[in-house]
Amino acid sequence: MKDNRNLVSIVMPVYREGAHIVSILEQARDAVESSGMAHEFVLVDDGSPDDTWRILSEISSNFPNLAAVRLSRNFGKEAALCAGIEMARGDAVIVMDADGQHPISLIPEMIRQWVDSGAAIVEGVKASRGKETTLNRVGARLFYSTWTRLSGFDLTAASDFKLLDRRAVEAYLQMDERSVFFRGMTAWLGFERKQIPFEVAGRAGGKSTWSIFRLFRLALTGITAFSALPLQLVTLAGFLFLLFALLFGAQTLYVLIEGHAVSGFATIIFLLLIIGSALMISLGIIGEYVARIYEEVKGRPRFVVSESIQSRKKQGTLSRAE
Ligand code: UDP
Ligand code: MG
């Protein structure tokens, strides 16, 4: 097995990170080389509106093992990650953010654990969540506790900083869905895994481009892609209402037979309101899943590449043993 472990790919989604990308690449290269592995970089410019792509094209000659693609527009980090993982050829693929928040100093340790233990996935887990707003913190906590309950996988401390070996990469690539959620999907994969805790550092520059709305969409994707429980809750609510219906029905019939019906106006309004909103919410939940199905059956590509540059050797001429 040992001789199959030579090339480590570093995959980074890059969105408006031109200002600090060079120093991050240099540090990452040194980190991989210090563990005696060959490296390649796979960078995916997720349709940055600024000069990120120009900078990537310029530096490609300084990095002899670099492949970069530019997506035709901003497809989002998850899609960019897929693009990168598809292109990576390494025996292990390290996925990390390009903003310096994933400590490069942990790369040698990740590689060491992968080589020593043979684990298919070595994942960085957040020892603390770093600096973030209260809203983000509360939102994340709410999402993860719901997610864990619904899907059965605990992602509370999970991050997108991971090393996947070839087996895990191939398995990941077989997952064909449009709505991708890297953290959840790698958890679903199983395999033996090792964990390395890390502190989330501050960004090297720029600012995070995730709005609350985008995070909310990601959370919805994460939940609907991994659990059908919300749909089953609709059925459960239906049964609860049926129970009420039977009780009230019997009571209504009884009152009718007794001969003193009428009254109970408030009850009727109240029931109408409750049932009305329950129906609306249920339709909404079903709609959310229908939307996902629609997205999946359209079968559109996850991303579209507009340009690519390559300073690494063409496939075929690549020898893993280098
Ligand atoms: N990113 C991306 N597309 C986007 C937004 C972000 O590829 O639309 C990349 C970004 O360049 C970085 C990583 O995803 O490498 C994490 O982004 P960010 O730092 O904005 O997110 P946060 O650290 O706040 O989760
Ligand atoms: Mg970040």
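For ligands, and for the atoms within them, numbers begin at 1 and follow the listed sequence. Fair warning: this is a prediction, and the values are worked out from it, not measured in the lab.
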**Study point:** Any N/O pair Ala80/ligand 1 closer than 3.5 Å
**Key:**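 So ligand 1 has no N or O lying under 3.5 Å from an N or O of Ala80.
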Practice item. Before signing off on this row, confirm whether Gly76 and ligand 1 have an N or O atom pair separated by under 3.5 Å. Key: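 So ligand 1 has no N or O lying under 3.5 Å from an N or O of Gly76.
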Practice item. Measure from the side-chain N and O atoms of Ser9 to the backbone N and O of Val11, and report whether any donor-acceptor pair falls under 3.5 Å. Key: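 Pair absent, no side-chain N/O of Ser9 close to backbone of Val11.
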Review point. Are the side chain of Asp46 and the backbone of Phe75 linked by a donor-acceptor contact shorter than 3.5 Å?
Key: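 Judged by distance alone, yes, a pair lies under 3.5 Å.
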Check your understanding: Of all the N, O or S atoms in Asp99, which one sits nearest to the Mg ion (ligand 2)?
Key ->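 Closest to the Mg ion (ligand 2) among those atoms: OD2.
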Check your understanding: What heavy-atom pair brings Arg302 and Glu86 nearest, and what distance separates the two atoms?
Key ->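 Smallest interatomic distance, heavy atoms only, reads NH1-OE2, 4.2 Å.
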If you count the atoms of ligand 1 from 1 in the order shown, which ones are under 4.0 Å from a heavy atom of [X]?
X	value
Asp97	13 (C), 15 (O), 16 (C), 23 (O)
Asp99	18 (P), 19 (O), 23 (O)
Asn74	3 (N), 4 (C), 8 (O)

Review point. What part of Glu17 sits under 4.0 Å from ligand 1 if we count only heavy atoms: the side chain, the backbone, both or neither?
Key: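 Answer for Glu17: side chain.
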Check your understanding: Can you tell which part of Gln101 has a heavy atom less than 4.0 Å from ligand 1: side chain, backbone, both or neither?
Key ->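 Side chain only.
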Check your understanding: Would a 4.5 Å heavy-atom cut-off, applied to side chains only, mark Ile196 and Val125 as touching?
Key ->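 A side-chain contact under 4.5 Å is absent here.
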**Study point:** Arg149 side, atom CZ; Ile223 side, atom CD1 - distance, nearest 0.5 Å
**Key:**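 Answer rounded to 0.5 Å: 11.0 Å.
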Exercise for review: Would you check, one step at a time, whether the test salt bridge (charged side-chain N to carboxylate O under 4.0 Å, His left out) holds for Asp91 with Arg89?
Suggested key: CA-CA 7 Å; Asp91 306 307; Arg89 304 179 193 153; over 6 Å; no
